[in-house]
Protein chains: 2
Amino acid sequence: MAYRETEKMRQRKAEARKRIVDCTYQCVAEGGFRSARVTRIAGLAGVATGTIYRHFESREDLFAEIFRLATQREVDKVAEALASDGNAAERLERALRQFAERALKGPQMAWSLIAEPVDPKVEEERLAYRKAYANLFEKAIREGIEEGCIPDQDARQSSTCLVGAIAESLVGPLSPTQTSQATSTTEDNNDPLVNSIICFCMQGLTGTRR
Amino acid sequence: MAYRETEKMRQRKAEARKRIVDCTYQCVAEGGFRSARVTRIAGLAGVATGTIYRHFESREDLFAEIFRLATQREVDKVAEALASDGNAAERLERALRQFAERALKGPQMAWSLIAEPVDPKVEEERLAYRKAYANLFEKAIREGIEEGCIPDQDARQSSTCLVGAIAESLVGPLSPTQTSQATSTTEDNNDPLVNSIICFCMQGLTGTRR
DNA sequence: AGAAAGAATGAATAGTGATTCACTGCTTAT
DNA sequence: ATAAGCAGTGAATCACTATTCATTCTTTCT
């Protein structure tokens with residue numbers, strides 16, 4: 001035997017892979033999945049086109065990984081908000097606000113994750129992550145029902161409705177055709193769009209306005 | 001001059017166009033937009049491939065028309081339900097139910113209209129139609145607020161949330177990967193899925209459960 | 001009939017960009 | 001130093017259909 005993969009090599013490969021991932025992320029954040037060309041990604045990452053395929057089965061697989069990374073970040077933020085203190089209704093409200101505000105702050109990526117037409121493998125990820133959000137919400141709703149701050153209801157169904165209501169409300173404002181980077185300094189609970197989404201959602205959950 | 005378009009010809013062309021439209025509709029209802037090939041459509045309609053292009057600019061344009069036709073049908077049904085009698089809340093509930101039940105009855109087409117990844121021109125139609133639904137709902141919510149059966153709220157925002165909540169709730173059940181044509185005989189207000197969607201939506205609107 | 005104009009045809013083309021693969025050049029171990 | 005084997009390369013290939021257009025067929029009118 002003459003060549004055996006060594007730690008140094010493993011690391012070098014990992015670095016190349018990370019560069020590819022980062023550059024793809026950047027491309028998607030700039031123009032969405034559809035316009036992210038493999039050749040451009042390779043160029044940015046400083047590798048040859050073929051090298052991409054030493055790290056990923058296909059463009060679709062690469063995209064699926066980017067999708068996972070980007071969405072997991074958001075899911076974690078939502079989970080974090082749901083794990084904070086206060087009663088379940090308050091925590092849910094905080095989580096919903098978190099979600100909406102973060103999306104409005106990074107509109108192109110948010111649009112790609114929520115609404116951009118994507119290939120089947122990526123769409124699969126999207127479905128899975130929507131379910132992930134719904135699961136988090138569902139758990140919180142269950143807790144709320146137990147605590148008594150949320151009336152008894154089909155927690156699974158309500159959570160799905162929450163996901164749909166936020167997503168739909170954001171699609172318009174995020175749509176690349178009409179996004180003017182109107183992100184004001186730091187949103188402190190006073191974006192009227194976010195407020196009225198939350199208002200509907202909380203009433204749907206609790207039956208109590210505002 | 002020797003040839004002048006005559007009524008007979010006009011009619012014959014209209015028939016061909018209708019055949020093309022019908023066959024495209026059928027293809028989409030069977031396998032969605034993505035798998036509908038121009039050649040197959042032409043074959044079914046009994047015309048040559050090129051003939052399609054005498055009637056439509058492009059495949060995308062043809063699809064956009066099919067989308068419009070199919071969705072307008074649904075929008076009309078919703079409008080109809082909203083124009084029936086009863087107070088605004090009752091009419092809204094009927095409309096939501098109508099929408100959900102019809103979707104579940106024709107799942108492949110409903111999925112294509114609601115969630116299938118489609119080309120830009122068709123996606124534009126989709127956005128437009130989502131707005132059309134929202135507009136109908138918005139008007140009814142306004143009426144409800146005036147009537148007093150719905151509390152004061154941002155009608156536009158609530159209508160968007162309604163559209164999102166229903167659409168999201170249906171995406172899973174309609175998804176072609178898991179649709180078993182489980183459509184029972186005739187749904188008479190007792191599909192539990194539909195009921196719990198409506199329950200959340202009506203509470204979101206009125207603050208009143210059930 | 002015959003000529004003019006349009007409609008229909010469908011095999012050939014074109015455009016696109018992902019993917020391949022034969023080759024070059026590094027790394028490793030002896 | 002050398003052999004063995006893996007990593008990297010990127011121009012060429014491939015796959016896939018929508019779309020075209022030179023040609024043929026129909027219709028209309030004189």
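Each chain gets a letter, A, B and so on, in the order its sequence line appears, and its residues count up from 1. Predicted, not measured: the structure shown is a model, and the values here were computed from it.
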Partners of A:Lys77 by side-chain hydrogen bond (donor to acceptor under 3.5 Å, both in side chains), sequence neighbours excluded?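 For A:Lys77, no residue satisfies side-chain hydrogen bond (donor to acceptor under 3.5 Å, both in side chains) once neighbours in sequence are set aside.
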
Using only side-chain N and O atoms of A:Tyr3, determine if any of them is under 4.0 Å from OP1 or OP2 of C:dT27.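 The answer is no; no side-chain N or O of A:Tyr3 sits under 4.0 Å from OP1 or OP2.
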
Would one find a side-chain N or O of A:Thr51 under 4.0 angstrom from OP1 or OP2 of D:dT9? yes

Any idea which of C:dT27, D:dG8, C:dT20 is nearest the A:Met9 side chain?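 Comparing C:dT27, D:dG8, C:dT20 against the side chain of A:Met9, the answer is C:dT27.
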
Sidechain N-carboxylate O distance under 4.0 Å for [X], [Y]:
X	Y	result
B:Arg34	B:Glu116	no
A:Lys121	A:Glu60	no
A:Arg17	A:Glu65	yes
A:Glu15	A:Arg12	no
A:Arg97	A:Glu93	yes

Could you check whether the rings of A:Tyr133 and A:Phe99 sit parallel, tilted or perpendicular, using 30° and 60° as the cut-offs?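 Answer is perpendicular, since the angle exceeds 60°.
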
At what angle, to 10 degrees, do the two end axes of the helix from C:dA1-D:dT30 to C:dT30-D:dA1 meet, given five pairs define each axis?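 Angle reported: 0°, given to the nearest ten degrees.
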
Please work out if B:Arg59 contacts a base, only the sugar-phosphate, or nothing of the nucleic acid, heavy-atom cut-off 4.0 Å. sugar-phosphate

Spacing of B:Phe200 atom CZ and B:Leu96 atom CG [to the nearest 0.5 Å]: 12.0 Å

Please list residues of residues 12-44 of chain B whose heavy atoms come under 4.0 Å from any atom in DNA chain C, ordered by number; otherwise none.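 Contacts with DNA chain C under 4.0 Å: B:Lys13.
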
